[in-house]
Amino acid sequence: MSYDFQAVETKWQKIWEERRCFEVEADPAKLKFYCLEMFPYPSGALHMGHVRNYSMGDMLTRFLRKKGLNVLYPMGFDAFGMPAENAAIKYKTKPHEWTWQNIEYMTTQLKRMGYSYDWRRRVESCNPNYYRWNQWLFLQMYKKGLVYRKYAPVNWCEPCGTVLANEQVVNGTCWRCNTPVVKKNLEQWFIKITDCAQELLDNIDSQLTGWPERVRIMQRNWIGRSEGARLSFEVDALGCTIEAFTTRFDTVYGITFIALAPEHELVKHMLEKLPSNQAQEMKDFVAKCAAQSAIERSAVGGEKQGFKTPFTGAHPVTGKPIPIWLANYILMDYGTGAIMGVPAHDQRDFEFCRKYGIEVIPVIQPAEAKNPLDGATMEAAFEDDGISCNSGQFDGLPTQEAIRKMIDWGESQGLCKREVNFRLRDWLISRQRYWGTPIPFVHCPRCGIVPVSEDQLPVLLPEDVTVTDVGRSPLLDMPEWLETPCPVCGGKAQREAETMDTFFCSSWYFERYCSPDAAASPFDPKDTNYWMPVDQYIGGIEHACLHLIYARFFTMFLSDIGLLPKGMREPFTNLLTQGMVIKDGAKMSKSLGNTVEPTEIVEKYGADTVRLFILFASPPQNDLDWSEQGVEGAHRFLSRVWRFVEENLEDLKKHAGEYVPMSSLTIPAQRDFKRKIHSTIFAVTRDIDEEKQFNTAIARLMELTNALYSFRPSEPADFKLRREGVDVLLNCLSPFSPHIAEELWGMLGNETLLSIVPWPVPEQEALAADFVIIVAQVNGKVRAKLTLPSGLNEAELRDAVMNDAQVKEKIAGKEIVKVIAVPEKLVNVVVKG
RNA sequence: GCGAGGGUGGCGGAAUCGGUAGACGCGUCAGACUUAGAAUCUGGUACUUCCAAGUGUAGGGGUUCAAAUCCCCUCCCUCGCACCA
């Protein structure tokens with residue numbers, strides 16, 4: 001009987017399902033482990049990136065289950081989003097139908113891979129029983145004051161026909177379609193994630209120690225905390241003040257201009273005060289800036305453009321009038337949208353001033369300067385620390401001290417106020433799309449924008465729609481859905497037709513997995529108290545500043561409103577970010593046409609082979625080069641395992657359970673083989689559990705297989721040992737390639753499923769070596785290798801090596817300076833002459 | 001520019017504490033089996049070299065009995081951030 005992987009795999013998948021092997025329940029008597037993978041978008045079919053992600057999770061899950069943990073391992077679908085709308089147009093179907101078809105198909109694909117999910121817990125975010133809780137949670141946030149509407153310049157992607165959150169703008173382009181985003185002034189829904197900015201930052205250090213350093217740094221930068229002060233300039237002509245934030249209050253004496261973002265609200269007031277020709281010029285400038293793309297506006301070294309207004313503001317300390325400019329490099333959405341311009345100590349301000357001939361006044365001198373800085377001749381801003389000058393009573397202070405003392409003084413004089421600013425912005429949550437969670441609000445001409453009452457949830461998304469034109473939500477053309485009585489006054493009102501960012505759905509799906517059927521709340525705290533937090537999360541690095549920030553915010557919110565325990569502030573204890581799957585030097589992607597379809601490769605080699613290859617070819621974090629030859633290698637290995645068991649089946653069956661302890665083995669070959677078996681257990685366990693280095697774990701199984709083939713049994717103990725070796729091999733192989741392991745295990749006459757057989761524990765005595773190879777070095781160069789009994793002390797080692805013929809020859813006639821002996825490892829003889 | 005992580009055979013990658021560099025696999029070469037092929041098996045495979053020996057972990061320097069590993073300098077690659085005041 002040859003290795004018929006198709007038959008074997010379908011057989012065991014059916015048995016596991018029938019026997020409900022992977023269904024779990026919360027059980028406080030058992031130690032839990034929650035293994036989570038980023039759930040896929042149901043795009044139509046699994047890709048190799050999914051296969052890699054889920055093969056890691058399943059291997060880990062199967063391993064931990066065998067180690068006796070109660071493991072929650074669920075799967076679901078992140079089912080709302082744009083592609084469904086595009087597909088609906090292309091294939092003349094409905095987003096709802098297309099999505100559900102894909103969900104069902106991809107579920108069969110996942111099952112075909114043999115992943116051990118508890119399928120009863122499948123969650124689909126487009127299912128009303130899920131998204132109703134999106135709406136409910138949104139209302140809870142609203143009640144907490146975390147939801148607000150704001151008219152603001154927002155990121156707009158034209159092809160997607162919708163706004164984007166800051167996190168979804170990558171290098172000035174849309175994260176999904178790479179089109180440069182433009183700014184549009186719109187009134188939009190926001191969630192105040194900035195309320196948690198400090199905690200999101202603090203917890204990175206205190207709680208996210210199980211995350212890759214890379215992701216922690218990315219989040220730290222994204223949140224971007226800076227400490228400084230806010231100061232204001234009186235603008236008499238307008239009867240108001242301009243506020244600005246600075247981290248360098250020590251440079252106030254160097255202010256030579258004030259600059260506002262072209263979108264600054266004061267611009268309106270200025271226009272009103274200006275004669276029409278001047279006003280027109282200013283409007284033109286503002287329009288020009290608005291037309292610049294985000295990339296042009298925000299590129300370092302990009303051309304700085306300004307417009308000098310006829311207004312001035314009073315210097316907060318000296319009272320001198322300072323000219324007010326509009327400048328394209330001032331960002332409206334950071335700080336106050338206005339800055340104090342200090343060209344001598346800020347490179348951007350410097351470039352601006354040189355271009356427009358504004359004065360440059362140094363107020364800091366480098367500590368060991370030969371020639372002091374001169375505002376007229378300096379060629380670049382001096383941004384380092386130095387010694388204050390031209391700063392009145394603060395002259396002579398080093399920068400850090402100057403910052404502290406000047407802010408202290410400024411605060412005491414009422415000139416400034418300490419302030420912390422974050423780069424993180426509030427989360428723009430609304431989307432002008434159809435296929436998403438309807439935002440549960442109603443626009444009433446009398447009562448304004450009012451929430452739908454909770455007992456009216458869910459606000460169902462109509463499923464029977466025709467999407468005709470990307471860019472206009474069909475909801476807008478459905479009066480029967482749109483028109484609704486106002487929840488407050490009962491009068492005629494209209495539903496909010498915008499939907500939620502799909503990242504809202506993915507911010508709490510892992511809690512829903514804990515109680516997928518909860519009907520009275522998003523999840524049952526009884527379940528989440530047991531299962532949460534997630535012990536191991538696995539997914540792509542691309543979510544470092546998207547999903548992984550939103551989900552953290554949600555957890556803090558859920559904890560605040562008491563759905564999660566007070567102390568549970570972080571959802572993911574350990575994070576593994578897997579590398580990409582590469583083929584022909586580039587990431588596998590449809591657009592490059594270099595994809596390999598999992599289904600095809602599974603048909604050709606089997607799921608066990610694909611899983612094994614994908615875990616063996618590269619360490620988890622690295623990119624993985626797809627190689628069909630590598631897949632064949634993995635297949636060859638599994639066939640070798642199969643053949644070994646099959647060819648020796650009758651004999652192996654005779655020795656079930658007859659393990660011989662190390663203590664009763666005397667023949668060196670037996671002792672070596674026994675040691676190989678147990679050191680394999682030891683190393684594989686450590687590689688998976690501690691090192692998360694699955695490729696080397698597999699290498700060790702290959703070594704054990706090679707050892708099984710070269711071990712030639714002759715006497716009874718040999719045969720017993722061989723059976724033990726096979727048992728260990730199959731047991732350790734089963735998390736990686738579970739079907740073949742299960743089949744061979746059954747062929748050996750076992751009744752119990754290997755999937756639930758405990759993971760082997762190495763026999764301590766079988767790990768210790770009888771003999772070790774001692775390297776004999778002369779002056780650090782290897783001259784001989786001696787096989788010596790294990791456990792020799794330094795003196796014994798030294799004697800053994802010094803008496804070795806080869807060593808003797810090498811050191812003959814030379815003066816011995818020193819001999820270093822490292823037990824169990826080496827002896828180095830240092831000689832002179 | 002700033003920040004992080006890297007650079008080891010033809011390739012993917014091994015190498016717990018500083019202690020045999022190249023585990024395991026791919027590829028490749030030679031042989032066995034075969035009418036032939038496929039499959040399988042055996043052996044070789046860092047470089048120079050007949051051997052002996054020497055040289056080798058991006059390059060240069062240092063610490064050490066001993067360095068892929070620690071320190072300094074240089075080069076290169078990948079990733080992230082990038083007018084954040």
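What you are looking at is a predicted structure, and each value in this text was computed from that prediction instead of being measured. Any value given below was found using the heavy atoms of this structure, including those in side chains, with hydrogens, waters and symmetry copies removed. Labels below follow one simple rule: chain letters A, B, ... track the order of the sequence lines, proteins then strands, and each chain is numbered from 1.
The gap from the C1' atom of B/U34 to that of B/A38 amounts to 10 Å, rounded to the nearest Å. Taking the P atom of each, B/C47 and B/C29 are spaced 15 Å apart, rounded to whole Å. Distance check on atom C1': B/A66 versus B/G6 gives 26 Å, rounded to whole Å. Distance check on atom C1': B/C65 versus B/C2 gives 42 Å, rounded to whole Å. When the C1' atom is used for both B/C75 and B/G22, the distance is 25 Å, rounded to whole Å.
Proximity of A/T696 to the phosphate of B/A14: no side-chain N or O atom is located under 4.0 Å from OP1 or OP2. The phosphate of B/A53 has neither OP1 nor OP2 within less than 4.0 Å of any side-chain N or O from A/R783. Regarding contacts with the backbone of B/G80, every side-chain N or O of A/R220 stays at 4.0 angstrom or more from both OP1 and OP2. Between A/R643 and the phosphate of B/C41, there is a side-chain N or O to OP1/OP2 separation shorter than 4.0 Å. Close to B/U55, at under 4.0 Å from its OP1 or OP2, lies a side-chain N or O of A/K781.
Side-chain rings of A/F350 and A/H345 stay apart, their centers remaining 6.0 Å or farther from each other. Residues A/W427 and A/Y550 bring their aromatic ring centres within 6.0 Å.
Residue contacts shown for A/I330 include a base, since a base heavy atom lies under 4.0 Å away. Here A/S618 lies in heavy-atom contact (under 4.0 Å) with sugar-phosphate atoms only. Using a 4.0 Å heavy-atom cutoff across all strands shown, A/N622 reaches sugar-phosphate atoms only and no base atom. Within the nucleic acid shown, A/R636 comes within 4.0 Å of sugar-phosphate atoms alone, with no base atom in reach, counting heavy atoms only. Across all strands, A/S639 comes closer than 4.0 Å to no nucleic acid atom at all (heavy-atom distances). The residue A/G335 sits apart from the nucleic acid: no heavy atom pair falls under 4.0 Å.
For A/T685, the side chain to side chain donor-acceptor pair (under 3.5 Å) criterion is met by A/W759, not counting sequence neighbours. Judged as a side-chain contact (heavy atoms from CB on, under 4.5 Å), and not counting sequence neighbours, the contacts of A/D687 are A/E691, A/T696, A/A697, A/R700. With sequence neighbours excluded, no residue forms a ring pair (Phe, Tyr, Trp, His ring centres under 6.0 Å) with A/Y253.
Here B/U16 presents its P atom at 13 Å from CZ of A/F682, a figure rounded to the nearest Å. In this structure, A/L615 places its CG atom 15 Å from C1' of B/C24, rounding to the nearest Å. Distance, A/I541 CD1 to B/C79 P: 12 Å, rounded to whole Å. When the P atom of B/U16 is taken as reference, atom CD of A/E691 falls 9 Å away, rounded to whole Å. Atom CZ in A/R425 sits about 10 Å away from atom P in B/A85, given to the nearest Å. Rounded to an integer number of Å, the gap from A/K355 NZ to B/C83 P is 17 Å. At whole-Å resolution of the value, CD1 in A/I242 and C1' in B/A85 are 15 Å apart. Residue A/Y3 contributes atom OH, which lies 17 Å from atom P of B/A39 at whole-angstrom precision.
Between A/R640 and A/N706, the side chains place a donor N or O and an acceptor N or O closer than 3.5 Å (distance only, hydrogens not considered). A side-chain donor from one of A/W222 and A/E167 sits under 3.5 Å from a side-chain acceptor of the other. The closest side-chain donor-acceptor pair between A/R686 and A/Q693, if any, does not fall under 3.5 angstrom. With 3.5 Å as the limit, one finds no donor-acceptor pair spanning the side chains of A/N421 and A/S226.
By the 4.5 Å heavy-atom criterion applied to side chains, A/P789 and A/D770 are not counted as neighbours. Side-chain contact between A/R248 and A/I364: present, with at least one pair of heavy atoms (C-beta onward) separated by less than 4.5 Å.
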Checklist entry - Is there a side chain to side chain contact (heavy atoms under 4.5 Å, CB included) between A/W325 and A/I330 once you walk through the steps? => result CA-CA 10 Å; A/W325 288 67; A/I330 310 304; over 6 Å; no
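Where A/V782 and A/G630 meet RNA chain B, the nucleotide closest to each residue was compared, and A/V782 sits on the side nearer the 5' end. Residue-to-nucleotide proximity on RNA chain B shows that, of A/R248 and A/K825, the 5′-proximal contact is made by A/K825.
A cation-pi arrangement is present between A/K304 and A/Y329, with the terminal nitrogen or guanidinium carbon under 6.0 Å from the aromatic centre and inside a 45° cone about the axis.
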Pairs under 3.5 Å (N/O, protein and nucleotides 4-6 of chain B):
none

Polar pairs (N or O, both sides) under 3.5 Å between protein and nucleotides 61-67 of chain B?
| residue | atom | partner | partner atom | Å |
| --- | --- | --- | --- | --- |
| B/C65 | OP1 | A/K818 | NZ | 3.1 |
| B/C65 | O2' | A/N828 | ND2 | 3.1 |
| B/C65 | O2 | A/N828 | ND2 | 2.7 |

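Consecutive Watson-Crick or G-U pairs involving RNA chain B, each under 3.5 Å on both distances, make up stems of three or more pairs at B:1-7 with B:75-81, B:10-12 with B:24-26, B:27-32 with B:40-45, B:46-48 with B:53-55, B:58-62 with B:70-74.
Ion pairing between a basic and an acidic side chain is recognised when a charged N comes within 4.0 Å of a carboxylate O; A/E628 and A/K583 show no such pairing.
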